[in-house]
Amino acid sequence: QVQLVESGGGLVQAGGSLRLSCAASGRTLSSYDMGWFRQAPGKEREFVAAIRWTGDITYYADSVKGRFTISRDNAENTVYLQMNSLRPEDTAVYYCAAGTPGLLPPRYQYNYDYWGQGTQVTVSS
């Protein structure tokens, strides 16, 4: 199994930046698709970004394209989410997830088998 722990969340003003980290243990992440999701109060968990196990294909929600960047460092068994130009609507708990690669882009919760506990990101105006 894979255990995931997110870190790097916090309070930031609109327009600021944060970098989230997702550290894995139990297994290496080299054969997993990795994703970031977020959930705001009263809302459903939504897709943010994903990176294929090959590390060369990424996917983003329209709302974060051009602002967020997902990356991975398999040597460190860590996935990152660089968040720039943050907006108040980005406020949410951010979750890291790992899943077995499939035929379709991993944009949905069902694509993932393992989840972290989440880290809070709050963007003030």
Side-chain angles (χ1 to χ4, degrees):
Q1 66 175 17
V2 176
Q3 295 174 326
L4 304 172
V5 179
E6 303 95 337
S7 63
L11 175 64
V12 64
Q13 287 189 326
S17 298
L18 286 173
R19 187 179 71 162
L20 305 183
S21 298
C22 174
S25 62
R27 289 186 178 182
T28 61
L29 298 180
S30 60
S31 62
Y32 291 93
D33 291 340
M34 300 297 298
W36 287 95
F37 290 75
R38 66 188 183 187
Q39 187 168 23
K43 299 182 67 177
E44 297 295 317
R45 190 171 299 184
E46 66 176 350
F47 170 77
V48 176
I51 184 166
R52 284 288 198 184
W53 68 278
T54 55
D56 58 350
I57 304 174
T58 57
Y59 309 91
Y60 297 94
D62 288 343
S63 60
V64 307
K65 285 181 179 177
R67 300 189 299 121
F68 292 10
T69 302
I70 187 171
S71 62
R72 64 193 302 162
D73 185 343
N74 287 341
E76 296 294 329
N77 223 26
T78 303
V79 178
Y80 303 96
L81 185 69
Q82 178 66 47
M83 305 185 295
N84 298 326
S85 302
L86 283 162
R87 305 165 179 169
E89 53 263 42
D90 295 319
T91 295
V93 176
Y94 283 71
Y95 297 90
C96 176
T100 302
L103 298 176
L104 300 176
R107 295 176 174 268
Y108 305 99
Q109 293 183 58
Y110 65 75
N111 293 127
Y112 299 92
D113 305 303
Y114 305 101
W115 295 82
Q117 293 299 307
T119 185
Q120 177 70 47
V121 172
T122 302
V123 184
S124 65
S125 60

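Every heavy atom of this structure was used, including side-chain atoms; hydrogens, water molecules and symmetry mates were not.
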Asker: Could you tell me which non-hydrogen atom of A24 sits nearest to which non-hydrogen atom of V2, and how far apart they are?
Answerer: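 Closest approach of A24 to V2: CB-CG1, 4.2 Å.
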Asker: Might you work through the side-chain contact (heavy atoms from CB on, under 4.5 Å) test for E46 and E44, ending with a clear yes or no?
Answerer: CA-CA 6 Å; E46 66 176 350; E44 297 295 317; over 6 Å; no
Asker: Please give me the minimum heavy-atom distance between T78 and A23, naming the atom from each residue.
Answerer: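 That would be OG1-CA, 4.3 Å.
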Asker: For Q82 and R19, indicate whether the former's side chain and the latter's backbone hold a donor-acceptor pair under 3.5 Å.
Answerer: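 Side chain of Q82 to backbone of R19, a donor-acceptor pair under 3.5 Å: no, none is there.
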Asker: What distance do R27 atom CZ and L29 atom CG have between them, rounded to the nearest 0.5 Å?
Answerer: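 So the CZ of R27 and the CG of L29 are separated by 11.0 Å.
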Asker: Please evaluate residues D33 and N111 with respect to the criterion side-chain contact (heavy atoms from CB on, under 4.5 Å), reporting the C-alpha separation (whole Å), side-chain torsions for both, the decisive distance (0.1 Å), and the verdict.
Answerer: CA-CA 9 Å; D33 291 340; N111 293 127; over 6 Å; no
Asker: Would the distance check show the side chain of S30 and the main-chain N or O of N74 forming a donor-acceptor pair, the cut-off being under 3.5 Å?
Answerer: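 Answer holds: no.
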Asker: Decide yes or no on side-chain contact (heavy atoms from CB on, under 4.5 Å) for Y60 and R67, but give the supporting numbers first.
Answerer: CA-CA 10 Å; Y60 297 94; R67 300 189 299 121; over 6 Å; no
Asker: For the OG atom of S124 and the CZ atom of R87, what is their distance to the nearest 0.5 Å?
Answerer: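 S124 atom OG to R87 atom CZ measures 15.5 Å (nearest 0.5 Å).
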Asker: Are L4 and F47 connected in the hydrophobic side-chain network, where two residues link if heavy atoms are under 4.5 Å apart?
Answerer: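 Per the 4.5 Å side-chain linkage, L4 and F47 are not co-clustered.
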Asker: Once you round to the nearest 0.5 Å, how far does SG of C22 lie from CG of L81?
Answerer: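 Answer for the SG-CG pair, C22 versus L81, is 10.5 Å.
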Asker: Is the closest side-chain donor-acceptor distance between N77 and T28 under 3.5 Å?
Answerer: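 Per modelled atom types, N77 and T28 side chains form no pair under 3.5 Å.
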Asker: Please check this pair: side chain of R72 against backbone of R52, looking for a donor-acceptor N/O pair closer than 3.5 Å.
Answerer: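 Pair found, side chain donor or acceptor close to backbone of R52.
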Asker: Taking only residues two or more places apart in sequence, or in another chain, which ones meet D62 in a salt bridge (charged side-chain N to carboxylate O under 4.0 Å, His left out)?
Answerer: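 For D62 the salt bridge (charged side-chain N to carboxylate O under 4.0 Å, His left out) partners, ignoring immediate neighbours, are K65.
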Asker: In Å and rounded to the nearest 0.5 Å, what is the CG to CZ distance from N84 to F68?
Answerer: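 With rounding to 0.5 Å, CG (N84) is 8.5 Å from CZ (F68).
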Asker: Does the ring centre of Y112 sit less than 6.0 Å away from the ring centre of F37?
Answerer: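 Yes - the distance between ring centres of F37 and Y112 falls below the 6.0 Å cut-off.
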Asker: Quick one: does D113's side chain have a donor or acceptor within less than 3.5 Å of a partner on G99's backbone?
Answerer: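 Side chain of D113 to backbone of G99, a donor-acceptor pair under 3.5 Å: no, none is there.
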Asker: Looking only at heavy atoms, which two atoms of Y95 and G116 are closest? And how far apart?
Answerer: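 Heavy atoms of Y95 and G116 come nearest at CD2-O, 3.5 Å.
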Asker: Which heavy atom in P88 sits nearest to a heavy atom in S125, and how many Å separate them?
Answerer: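 P88 and S125 have their closest heavy atoms at CG-CB, 3.9 Å.
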Asker: Please confirm whether the backbone N or O of A92 pairs with a side-chain atom of Q39, one donor and one acceptor, at under 3.5 Å?
Answerer: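 Looks like no, no N/O pair under 3.5 Å.
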Asker: So if I apply the side-chain hydrogen bond (donor to acceptor under 3.5 Å, both in side chains) rule between Y94 and each of E6, R38, Q120, which one comes out positive?
Answerer: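 Exactly one candidate clears the test, R38.
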Asker: Working to the nearest 0.5 Å, report the span between CD1 of I57 and CD1 of I51.
Answerer: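 Result: 9.5 Å between the selected atoms.
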Asker: In terms of heavy-atom contacts, does CH2 of W115 have more than 12 from other residues, nucleotides or ligands at under 6.0 Å?
Answerer: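 Enclosed.
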Asker: Cluster question for you: counting only ILVMFWY and a side-chain heavy-atom cut-off of under 4.5 Å, with indirect links fine, are V48 and I70 together?
Answerer: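 Per the 4.5 Å side-chain linkage, V48 and I70 are co-clustered.
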Asker: Test of understanding: clusters of I, L, V, M, F, W, Y form through side-chain heavy atoms closer than 4.5 Å, transitively. Do W36 and Y80 belong to the same one?
Answerer: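 Hydrophobic grouping puts W36 apart from Y80.
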Asker: Given the rule that I, L, V, M, F, W and Y join up when any side-chain heavy atoms are under 4.5 Å apart, are M34 and W53 in one cluster?
Answerer: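 No, M34 and W53 fall in different hydrophobic clusters.
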Asker: Can you hop from V5 to L20 via hydrophobic side chains spaced under 4.5 Å?
Answerer: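 Different clusters: V5 never reaches L20 through Ile, Leu, Val, Met, Phe, Trp or Tyr contacts under 4.5 Å.
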